[in-house]
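For reference, the structure discussed in these notes is given below.
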Protein chains: 2
Amino acid sequence: MIRVGRLTDYATVILSVMAKDKNRVFAAMELAAVTGIALPTVSKILKMLVNAKILISTRGSKGGYMLANEPEHITVAAVISALEGPIALTECSISKQACEQASGCGIRANWHLINQTIHNALESVTLADLVRPLAVPEESYIPVASLYQ
Amino acid sequence: MIRVGRLTDYATVILSVMAKDKNRVFAAMELAAVTGIALPTVSKILKMLVNAKILISTRGSKGGYMLANEPEHITVAAVISALEGPIALTECSISKQACEQASGCGIRANWHLINQTIHNALESVTLADLVRPLAVPEESYIPVASLYQ
DNA sequence: TTAAATAGGACTAAAATAGTCCTTAATTGA
DNA sequence: TCAATTAAGGACTATTTTAGTCCTATTTAA
């Protein structure tokens, strides 16, 4: 239907482990052992999460990674864009002219709204929700209409 | 952020051309000419849309493709899954055991809910919305809470 | 019967993603 | 101060997915 990469999936698993002991510092090796994901891959993901300011790192012996915020404030949207960049659902692949000639082209604008709708959905779910199974996220309604003003 | 393939994007362009003259039969060559997309690619997309029953085809000379339904009843969700299959946002990539040991694992269940949220968002936008720029879709609210019962 | 279309599937090419590895830098503690 | 431990950064390779093309068979109208 729609896809996020495998690394993003791994990231949620790693983060959920960390969220269960949110003030602890975890070494990459430790997280690799617990999750079963290969160490180089875990490292790569952790680096990306640090760059996105989702994690804080400390170097040196006794170093490692820690959540930068409360799990309630880490959104799924943030995790996804940390791993995959701010890629939209689609950027009109054909030339702008052709697009406009061909169809009038509200498509480009409308995809943008669809992107926003999905982004809102992903903003409404946090790491805390992922860890506490089936919790109701804070924003219960996504007002699609408000996007279409 | 999240991605659909280029073919899906092309498909919306092709469908929007067809939606503007919804009872006409369009040959693949004609659609290729109008949209600027290469003929073999257009053909491939049209075949996929026929398989998904979004289009009806007629063979032989004077044959071509026509919308199977009113644009109001062709959802963006249907178009995406026609082109990309019913692939969810993620299928937990690590082993089930590891996942459960590691995190308790509400993640799998919660991803499912996120998938549904997004699916609902995409169900709420139709081809008619794409063609009529900035129209308000019928369902204005997506009740996320209802998914979390 | 011929020309104009689509159907289906095999195949190739290109691009994106995942995964690994190496070198450098920082920190701790003996 | 040195050795051990751990992350940072980036280059590289391999794999997988996606896009794109092409060929042959089938259907239909004139």
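None of these values were measured; they are calculated from a predicted model. So that the names make sense, note that chain A is the first sequence line, chain B the second, and so on, each numbered from 1.
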Item to check | Phosphate contact (D/dG20 OP1 or OP2) by B/R6 side-chain N/O below 4.0 Å | outcome: yes
Checklist outcome for this item: In whole angstroms, the gap separating P of D/dT16 from CG of A/D9 amounts to 17 Å
Checklist entry - Can you name the residues that form a side chain to side chain donor-acceptor pair (under 3.5 Å) with B/T8, not counting sequence neighbours? => result B/E84
Item to check | Earlier contact from the 5' end, DNA chain D, for A/G63 and A/N51 | outcome: A/G63
Checklist entry - So, is B/S57 near the phosphate of C/dA5, with a side-chain N or O under 4.0 Å from OP1 or OP2? => result no
Checklist outcome for this item: Scanning both residues in full, the closest heavy-atom pair of B/F26 with B/V17 reads CZ-O, 4.1 Å
Checklist entry - Of all residues at least two apart in sequence or in a different chain, which pass the salt bridge (Lys or Arg N to Asp or Glu O under 4.0 Å) check with A/K22? => result A/E70
Checklist outcome for this item: For A/L83 and A/A11 the tightest heavy-atom approach is CD2-CB, 3.8 Å
Checklist entry - Expressed in angstrom and rounded to an integer, what is the separation of A/L46 atom CG from D/dT6 atom P? => result 14 Å
Checklist entry - Closest to the B/V50 side chain: C/dA7, D/dA7, C/dA5? => result C/dA7
Next on the checklist: Measuring to OP1 and OP2 of D/dG20, would you say a side-chain N or O of B/Y10 lies under 4.0 angstrom away?
Outcome noted: yes
Checklist entry - Does one hydrophobic cluster hold both A/I14 and A/V25, with members joined at side-chain heavy-atom distances below 4.5 Å? => result no
Checklist entry - In whole Å, what is the span from the CD atom of B/E84 to the P atom of D/dT18? => result 7 Å
Checklist entry - Rounding to a whole Å, what distance do you find between A/L83:CG and C/dA18:C1'? => result 12 Å
Show me the side-chain donor-acceptor pairs of residues 58-69 of chain B shorter than 3.5 Å, one per line, residues at least two apart or across chains.
{"from": "B/T58", "atom 1": "OG1", "to": "B/G64", "atom 2": "N", "distance (Å)": "3.4"}

Next on the checklist: How many whole angstroms separate atom CD1 of B/I45 from atom C1' of C/dA7?
Outcome noted: 16 Å
Checklist entry - Expressed in angstrom and rounded to an integer, what is the separation of A/M48 atom CE from D/dG9 atom P? => result 13 Å
Checklist entry - Taking atom C1' of C/dA5 as reference, at what distance in whole Å does atom CE of B/M66 sit? => result 16 Å
For residues 41-55 of chain A, which side-chain donor-acceptor pairs fall under 3.5 Å, sequence neighbours excluded?
{"from": "A/S43", "atom 1": "OG", "to": "A/L39", "atom 2": "O", "distance (Å)": "3.2"}
{"from": "A/N51", "atom 1": "ND2", "to": "A/K47", "atom 2": "O", "distance (Å)": "3.4"}

Checklist entry - Nearest-Å distance, CG (A/L49) to C1' (D/dG9)? => result 16 Å
Checklist entry - Just to confirm, is there a sub-4.0 Å distance from OP1 or OP2 of C/dA7 to any side-chain nitrogen or oxygen of B/Y65? => result yes
Checklist entry - What does nucleotides 20-30 of chain C look like as a protein-contact string, B for base, S for sugar-phosphate only, - for none, at under 4.0 angstrom between heavy atoms? => result B----BBBB--
